[in-house]
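Have a look at the structure below, then the notes.
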Amino acid sequence: MCLGTGPGFPLFHFSLSPVPSSFMSRLLSISKVPFSAAVLGLAAFLLTGFVTFRPNRIAAGKAVHLTQTHGDLWIAVLGLWAVLITLSVIRIPGRWQNISISILSSVLLLTLVASAGRHAAFTAAQAGSIARTSLGPAFWTPLFALIVILTDTWLNEENGRKIISLFIIATCGITLWMLVSGRLDDLSIMQEFANRKQRFFDEMIAHLLLAGSSVALALLIGIPLGTLAYRKRRVYNPTFFILNIFQTIPSLALFGILIPVLAALTLKFPILSSLGMKGIGATPAIIALTVYSLLPVARNTYTGFATVDPAVIEAGTGMGMTKRQLLFRVEIPIASPVILNGIRVALVQAIGLTAVAALIGAGGMGVFIFQGLGQAANDLILLGAIPTILFAVVADTALAGVMAITKPEGIE
Amino acid sequence: MISLKGVTKEYPGTKAVNDLTFDVIEGEFCVLIGPSGCGKSTTLRMINRLIPATSGSITIQGEDVTSYRPEELRRQIGYAIQSVGLFPHMTVAQNVGVVPRLLDWESARVDSRIDQLLEMLNLDPATYRNKFPRQLSGGEAQRVGVARALAADPGILLMDEPFGAIDPITRESLQTEFARIQKELKKTIIFVTHDIDEAIRLATRIVVLRDGELVQHDTPENIMTNPAGRFVTEFIGTDRALKRLSRLPVGHYLRPAPTAKESDPLPSVAASVAEHRYLWVLGRNNTVVGWLDANSLKSGEPTAGLAMTCLDFRIAAVAADSTLKEALSRMLQQGIRTAPVIDHKGALLGEVRLGDILDA
């Protein structure tokens, strides 16, 4: 895109020189992350389409600018966005700067989603149910910017964290309500969902089961393996040599390699196939996902134990602790934050990699991604990708919470 | 009583400890000393079975240590090491309470024991009980380590260079305090160090080791006066006369000191100055604030307090429970032949003279 030949968007010039700097610095103070994100969002509003209109699912799309959307909500969006930029450059004393920015971001996020839903409903009423309204860059970029701003204010404002958390939860709740109550049903992604509702929930469960069972298996193998590597130096090198090699194999290749291997095994040992083992499907997927999850789990178990000061072990033993007491009262509590972090990495990684497992017939949200790729239907891809991202974020946050709760107080 | 008979520890190719035999009598402070690699730590760890002995026997009160379960044995013996090894995820109180809890003490008894020990080691319980090890200085951590070793009131204490990693000033004060604690508790202590000054200061008996073998086993005095051979002589160093002074308390060499009060009129003390050549001038609470000599009498001031030469007792005086070595050091530093001796509140008890130190 060539910016110079565009229709001449308004530019903002900040002229700071005539005002005394001491006066300016008292009033102005740029909050870097919110400011950059807000400017990025504004640029997206001005330069790209808010939604894309297609007469039918496969026809070429036409970008619809935010200002061209139905109704007056866009005025509210742009107005609030201006306030957001203002809040990010002025100085408000204490915690209220971050709190007001995050409240405004929550409101903006909901307004953004609502206006997309309303415009889609309007279009559907006008052009018929066969017409499609897809979300465009001027929706996704500001949405992303708002999420970044909310995360940033949450992280930086320890004194206002409760209030900010409340607004984030409320925003998630209201968004969910808009989804469930049908206010967004005319958006193309929701139409894709409506067409395969049952399949969606089946694949979601399959996805979570694949990722969850693989990580559970990795825990069962990886934690003892990491402990063994810590206790016996001889186990350390071969274990991590092999696990590192597996980690470098692209997931697609590992899934592929497992198909003939498992097929050959089931041919040779028919009992395996009677147990439900096949060259394609869940078996190779779970094997591959477990192998990938093993490295973070085993390595962090090893590292966690290795952080225990040998003097602590000597003191504990010298005071008369048994091996078991030492393990449960000293070594595990000290190592637990690092081990939990390994589980967190393994889980987030497994949720992402499970999307690829759809290629070998294991199911999961990847089914929609690959269908969408095959049909050039972007909204179907998003229908698979967005829930995958959400699962990963939720898993990450939940385990971060567990870590925060269980972390022994004396350990930095 | 701890008794080692023909104790040997072999590692492939070397003998870390070779045929070691000595006894430690109850209540004795036995220091194992020698250059690094002499087998002193190995010997210590064979007593609580952190390292199994290759051959020979170690008995405590006549019972062979191998007749106990290792954990059971270790819970009866206090253990403190140079790197302290406090549990980082436990508070100071939880650290100190580890062994009593292993022994299933009631929690009220554990709590009162923790406070008692923290007080004994000059750590205010209210301040320190809930601190975590990372919030402690090196000296404080080592105090907690010693408190933890003493927690279950064991009869025997094994200490492996417990003050080795602490700065010299803190180390000296910890040594003094520990000597005071030992005077009260009368534990049987086996203490490993490579610092001969520490050994001479604390020990009632010293075992000198070299290459895993016993070179000399005797009282500090005898080791200094009759070192067994060149190795021990060199190990003690050339300043053994000075080292000997570090075992002699100032209190034993105290002499009565001539004094005057700050408010005394100058003429009334003139006779006394003429007799003694000098007088210590006492301020409030009998603290030493200065001295008078013949020159001060010529000043024409009305009182002793105005005519005296001022001194700061914190610099010039020595404490009664310090050693002659410290007194000598003060005298050399101040260029004086007589130093006032004070109690822990600063009140004058008497004086100590250079001549007495040289004759000691």
Side-chain angles (χ1 to χ4, degrees), chain A residues 158 223 226-227 230-234 297 299-344 399-412, chain B residues 41 44-45 47-51 68-104 130-136 141-142 144-146 148-152 154 157-162 165:
Chain A
E158 272 175 43
I223 289 181
T227 313
Y230 163 66
R231 296 241 185 264
K232 302 225 185 305
R233 190 72 212 174
R234 267 180 305 143
V297 172
R299 174 166 299 284
N300 280 47
T301 305
Y302 169 82
T303 312
F305 281 125
T307 56
V308 181
D309 184 353
V312 165
I313 308 282
E314 192 194 336
T317 314
M319 286 192 297
M321 285 186 164
T322 60
K323 279 230 144 117
R324 216 184 140 75
Q325 285 166 334
L326 205 58
L327 182 67
F328 285 101
R329 297 190 195 183
V330 178
E331 291 175 290
I332 288 181
I334 296 174
S336 63
V338 183
I339 299 178
L340 273 174
N341 205 29
I343 298 173
R344 181 177 163 190
L399 272 164
V402 171
M403 282 173 67
I405 292 166
T406 58
K407 191 179 89 85
E409 209 186 328
I411 294 178
E412 282 174 271
Chain B
S41 288
L44 193 78
R45 287 171 200 201
I47 296 170
N48 66 359
R49 291 181 60 196
L50 285 175
I51 299 175
Y68 301 91
R69 280 205 354 257
E71 292 81 26
E72 205 186 336
L73 173 78
R74 291 175 195 143
R75 287 170 199 175
Q76 313 301 325
I77 301 175
Y79 188 56
I81 53 177
Q82 177 178 350
S83 37
V84 198
L86 293 181
F87 301 136
H89 60 300
M90 296 184 187
T91 61
V92 165
Q94 286 167 334
N95 265 288
V96 175
V98 165
V99 182
R101 286 208 179 80
L102 288 174
L103 293 168
D104 288 326
N130 296 320
K131 283 200 178 189
F132 283 96
R134 68 181 156 91
Q135 300 165 311
L136 303 176
Q142 196 50 268
V144 176
V146 172
R148 186 171 68 169
L150 289 167
L157 214 53
L158 305 180
M159 309 181 90
D160 193 348
E161 304 209 26

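Worth saying up front: this structure is predicted, and the values here are computed from it rather than measured. Numbers restart at 1 for each chain; the letters A, B, ... are given by sequence-line order, proteins then strands.
- With sequence neighbours excluded, the residues satisfying side-chain contact (heavy atoms from CB on, under 4.5 Å) with B:Val84 are B:Leu86, B:Gln142.
- Taken to the nearest 0.5 Å, the NZ atom of A:Lys407 stands 12.5 Å off from the NE2 atom of B:His89.
- Taking all atoms of both residues into account, the shortest heavy-atom contact from B:Met90 to A:Arg329 is CE-O, 4.0 Å.
- To the nearest 0.5 Å, atom CD of residue A:Glu409 and atom CZ of residue B:Arg134 are 8.0 Å apart.
- Note: A:Gly318 leads A:Pro333, A:Ala315, A:Pro408, A:Gly318 in heavy-atom pairs under 4.5 Å with chain B.
- Judged as a side chain to side chain donor-acceptor pair (under 3.5 Å), and not counting sequence neighbours, A:Thr317 has no contacts.
- Of all the listed residues (B:Val99, B:Leu102, B:Leu158), the one sharing the greatest number of non-hydrogen pairs under 4.5 Å with chain A is B:Leu102.
- Using a 4.5 Å cut-off between heavy atoms, B:Pro88 touches chain A through backbone and side chain atoms alike.
- Annotation: salt bridge (Lys or Arg N to Asp or Glu O under 4.0 Å) contacts involving residues 69-97 of chain B, sequence neighbours excluded, comprise B:Arg69-B:Glu71.
- If you take CZ on B:Phe87 and CD1 on A:Ile334, they are separated by 7.5 Å, rounding to the nearest 0.5 Å.
- Of the two parts of B:Arg45, only the side chain, counted from C-beta on, holds a non-hydrogen atom closer than 4.5 Å to a non-hydrogen atom of chain A.
- Residue-level contacts of residues 304-314 of chain A with chain B, in order of numbering, are A:Ala311, A:Val312, A:Glu314; threshold 4.5 Å between heavy atoms.
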